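These notes are about the structure you will find just below.
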Amino acid sequence: MKKVAAPSFARAFLGFTLLILGGALPIRATPQDYAIANGEPGPAGGNLVVALRSEPKTLNPILSVDATSREVIGAMNADLIHINRETQHTESGLAKSWSISPDGRKYTLQLRRRVKFSDGAPFTADDVVFSFQLYLDEKLHSPQRDLLVLDDKPIAVKKVDAYTVEFELAKPYGPAERLFDGLAILPSHLLEKPYREGKLAQLWGTNARPDEIAGLGAFRWKEYVPGQRMVLERNPNYWKTDAKGSRLPYLAELTFLFVPNEDAQVIKFQSNETQILERASADNFSLLQKDAKSKGHCLYDLGPGLEFIFLLLNMNQLDPAKFGDIAAKQAWFSDLRFRKAVSLAMDRPGMARLVYNGRATPVWGNVTPGNKLWLNTSLPHPTRSIEEAKKELEAAGYSWNANGALLDPQKHPVTFSILVSSSNAQRTKLATIAQDDLKQLGMEVQIVPMEFRALVDRVLNTKEYEAVLMNLVNGDVDPTPEMNLWLSSGETHLWDLGENKPATPWEADLDHLMEAQMTTTDYAARKKLYDRVQELVAENLPFIFLLSPNILVGAQATVGNFHPAILEPYALWNADQIFLRPPGAAKCQ
Amino acid sequence: MSNSRRTTLLISLLVALHLPVILAGFFAPYDYALQDRDLPFAPPSRLHFVDQTGAFHLRPFVYAWKQSPLGDAYEEDQTRMFNLRLFVTGAPYAAVGVWTSRLHLFGVEAPARVFVFGTDGFGRDEFSRALYGGRISLLAGFLGAAVALLAGGALGIVAGYYGKWLDTVVMRLVELFLALPWLYLLFAVRAVLPLRIKTTDAFLLFIGVVGLVGWARPARLVRGLVLSAKERNFVLAARAMGASELHILRWHVLPQTYRTILTMAALLVPQFILAEVTLSFLGLGVGEPIPSWGNLLTELQKYNVLVSYWWMYLPAVMLVVLFLAYYWASETLEERFATVSS
């Protein structure tokens, strides 16, 4: 078994971490196997206040699906191997080191010794085996389960000794040890009994008492005031120290305020009620910039993130008897030349300027410029041209009447509606620009703002829509989490859901390429496969890609070790290292 | 101010507020949907009489806006003056809904544009949008008021005049409708409407629904008037002389309600304009790019617009003036009727 046969980028990074650890370990050989963080050492104490858009639904890592729950859970729990949000590479978490077998199927993880849960109980291989048992239990419907099942075979977990665990997969797995990121290790001493009794799903709700919850994260559960805030306190048993040997985290408390609207979050940030603004809209970002210096706000434009906004035309195979009206329009939507014309008419730079004050990047594919490891840089970026778009339509048999209205080959006028989420002002604005762009092609488009859940229900379940303007956010730079989107059998294969076998040759190609990249472990080979995926997607336009908004983050100048990243959670991923400077020492990073 | 002078003033104010809306195509310098993607949130154009050299010009002129070097504000491009002209040709519009015209009251030479109220986030002329938007909002006001008054008036008369069980049924219905949360009713209506309904049609439907729900108050008022009118001596006299019920209703009872209904109408119109503003604020109004006063104000939901672009408040100022005019109108009507009856 050779030591670490991960993709080369991971290998390179691991070498880097080992170098740091190697340099530090002989001097500070701690019996506890503590990890040493490389951030700037800071003073202990203080309460960091951050606003959350909505209230977390649960503190149970097995059940959480919403972003705010995951954010709070992330601060209270730890994983075996972690993706560093800043470098985008993996680093050691609760596993001190790991090795991968030459066939890429077996992972052996060495755990940190004498690490304790926040309630003082020891952490051992039993907790790891137990946690994976929970994630894999079909009855618990954990959202993480899908990632741990390859070829219908769940990952096999075996305890070798108290500090060694072996994982075996049915096939080699492309993302390799990135698999372990975000899988919180849970305390078997607290959860084993309720799990056997079938009560696990009721545990760790937001009404849980502090002594009922224990984790390995930097913070532990303290208080919840419904409708107002959630307070976490420092975990005294956390397993990381800073370069000076002081135990992390620095903060005494981490408070999440519930502020449902972004404007209100900005006002709270301006009045110093919160110290971090996790995501600002471009409009508010420009507003904050005006007096950032005098108010001591540090603002960060991190460039495009992993989110892309696109126009989706309904290409589902619909029953004409039930959806006569929509089905009649699908002849347009499924014609590639029609989609090309729509894409050519979109004024992407105008959208970026008007809706995002220029703080967004036009995209023509599913991988944003923020994903430097995987972006196919040779994809064409056709410039906007109404002329070219009209030529495409003409070639497809479309014509125009005396008033300039577009007629399809059967001489029916081309009109359709675009759904947008009514709670998202930027989305409506984008749709208004798209509407005007399409009017120049003679298409009459109506914008239908709709409550977000009703919109998602139409897109995923009833399929009763003509077009929709929506977004997707990737949680990781790696392509594998996108399997659900590109596989013709995928659960979020949005443009044609429930298509059991690929409807077109290029979709069959997508299936093969995505399967192949997932089971290839060499980065260069995977990149080649995924480059082809991007090409196919850009050529065939299942989505009309529009923009990737920049990640805009703010922090008070008093916040130290603040390194926002384009991966979720943008600002608090290194909460264990964040500290508060005394007001006199405030500065921006 | 004497009564008649006040009335003249009031009528001219109402005409001044409504005429540009009715003839929006002529009064508005631009098409409401025309976007200028290089001029989002441009402030109102400044009218100049004195140029850079200090020379005075009899004809007012404007400078075009350009982005400041930093890109965060606008400044006047003083290299070229654009005279303000009356009766210019511009974008085509349907005058009085029938023939196509290109004549606009005022404008400046291209490429410059004159923005009386500045521009919105798409670089669309806010003044043109305010005028065109008035068509939807005033329609909502008149239509809603008409539906409410017709339905309410008819039911009120029936209940008041015929009384007995009819009265009981109608009045219980009134109470039910007064207690109805109409906003939620509208959300429910929107949720079941099919997508292919045009947003303008859907909107008219909403106004109809709001009007129908709004019949309760006028009904109660009219019923009270009819109740007292039918007991008056001249009605009893007519009845004694053998006049038919219909005759009495038409010639003796109904005239007693006209004044109140007219006064009520003056109060209801702004109320329904406000309903349109509320609907649009909640995203239930007419869809983009068609403007309405409610749509224009929706922009103010955004914090950065609220604190950065003062001219976005101008449609609201216009609304305040309009509402005041209507309230003064209802007050004047009431006073006039009071003098007449005494």
Side-chain angles (χ1 to χ4, degrees), chain A residues 261-267 270 280-290 324-326 329 347 349-355 357-358 415-426 428-429 431-437 439-440 444-451 454 458 464-467, chain B residues 31-42 67 70-73 92 94 100 119-124 129 187-188 190-203 279-291 295 298-309 312:
Chain A
N261 142 325
E262 201 240 322
D263 284 345
Q265 288 192 2
V266 169
I267 294 168
Q270 279 184 316
S281 70
D283 285 339
N284 283 328
F285 192 79
S286 307
L287 188 71
L288 287 167
Q289 266 186 326
K290 284 182 191 160
D325 228 55
I326 301 171
K329 299 181 182 188
D347 181 9
M351 290 176 175
R353 200 171 58 240
L354 261 56
V355 184
N357 290 334
T415 73
F416 60 93
S417 60
I418 299 180
L419 297 190
V420 285
S421 161
S422 57
S423 55
N424 190 323
Q426 291 166 335
T428 317
K429 236 175 141 177
T432 308
I433 296 179
Q435 179 188 44
D436 196 65
D437 288 339
K439 199 176 149 196
Q440 297 184 39
E444 197 193 313
V445 170
Q446 289 154 29
I447 299 169
V448 184
M450 187 171 279
E451 203 268 326
R458 281 184 189 251
E464 198 182 344
Y465 68 96
E466 290 167 0
Chain B
D31 184 69
Y32 62 81
L34 177 70
Q35 303 186 354
D36 184 339
R37 294 183 186 168
D38 291 319
L39 289 176
F41 292 119
Q67 293 266 354
L70 278 174
D72 55 352
T100 311
T119 70
D120 68 3
F122 300 100
R124 298 182 295 204
R129 289 181 66 74
F187 280 124
R190 184 68 190 106
V192 299
L193 277 185
L195 292 182
R196 60 177 168 274
I197 283 207
K198 273 195 174 178
T199 44
T200 34
D201 297 352
F203 172 73
L279 284 179
S280 298
F281 201 75
L282 296 169
L284 290 174
V286 283
E288 287 281 6
I290 301 166
N295 275 356
T298 311
E299 283 275 311
L300 290 173
Q301 276 184 18
K302 293 179 219 148
Y303 176 56
N304 76 303
V305 175
L306 210 59
V307 298
S308 311
Y309 313 115
M312 298 304 283

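Residue numbers begin at 1 in each chain, while the letters A, B, ... track the order of the sequences. Because only heavy atoms are used, hydrogens play no part in the values below, and waters and symmetry mates are left out as well, while side chains stay in. As the structure is a computational prediction, the values presented were derived from the model and not from experiment.
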Leu288(A), part contacting chain B, at a heavy-atom distance under 4.5 Å:
neither
Sort Val266(A) into side chain, backbone, both or neither according to what part of it lies under 4.5 angstrom from a heavy atom of chain B.
side chain
If you apply the rule side-chain contact (heavy atoms from CB on, under 4.5 Å), what do you find for Lys302(B) with Asn284(A), and how did you get there?
CA-CA 9 Å; Lys302(B) 293 179 219 148; Asn284(A) 283 328; over 6 Å; no
Quick check on Glu299(B) against chain A: is it the side chain, the backbone, both or neither that has a heavy atom closer than 4.5 Å?
neither
Interface moiety of Glu444(A) toward chain B, non-hydrogen atoms closer than 4.5 Å:
side chain
Chain B contact via Thr432(A) - which portion, at a heavy-atom distance below 4.5 Å:
both
If we ignore angles and hydrogens, is there a donor and acceptor under 3.5 Å between the side chains of Tyr303(B) and Gln265(A)?
no
With rounding to the nearest 0.5 angstrom, report the CG to CG distance, Asp263(A) to Leu306(B).
8.5 Å
What closest approach, in Å, do Val307(B) and Leu287(A) show between heavy atoms, and which atom pair accounts for it?
CG2-CD1, 3.4 Å
Who passes side-chain contact (heavy atoms from CB on, under 4.5 Å) against Pro92(B), sequence neighbours left out?
Thr100(B), Arg102(B)
Is it the backbone or the side chain of Pro40(B) that comes under 4.5 Å from a heavy atom of chain A, or both, or neither?
side chain
For Val305(B), is it the side chain, the backbone, both or neither that has a heavy atom under 4.5 Å from a heavy atom of chain A?
neither
Most contact-rich option vs chain B, by heavy-atom pairs under 4.5 angstrom, among Asp347(A), Thr415(A), Asn357(A), is Asp347(A)
Between Arg124(B) and Asp436(A), does any NZ, NE, NH1 or NH2 come within less than 4.0 Å of an OD or OE carboxylate oxygen?
no
Sub-4.5 Å side-chain heavy-atom contact between Lys290(A) and Ser308(B):
yes
Non-hydrogen atoms of chain B under 4.5 Å away: do they reach the side chain of Lys429(A), the backbone, both or neither?
both
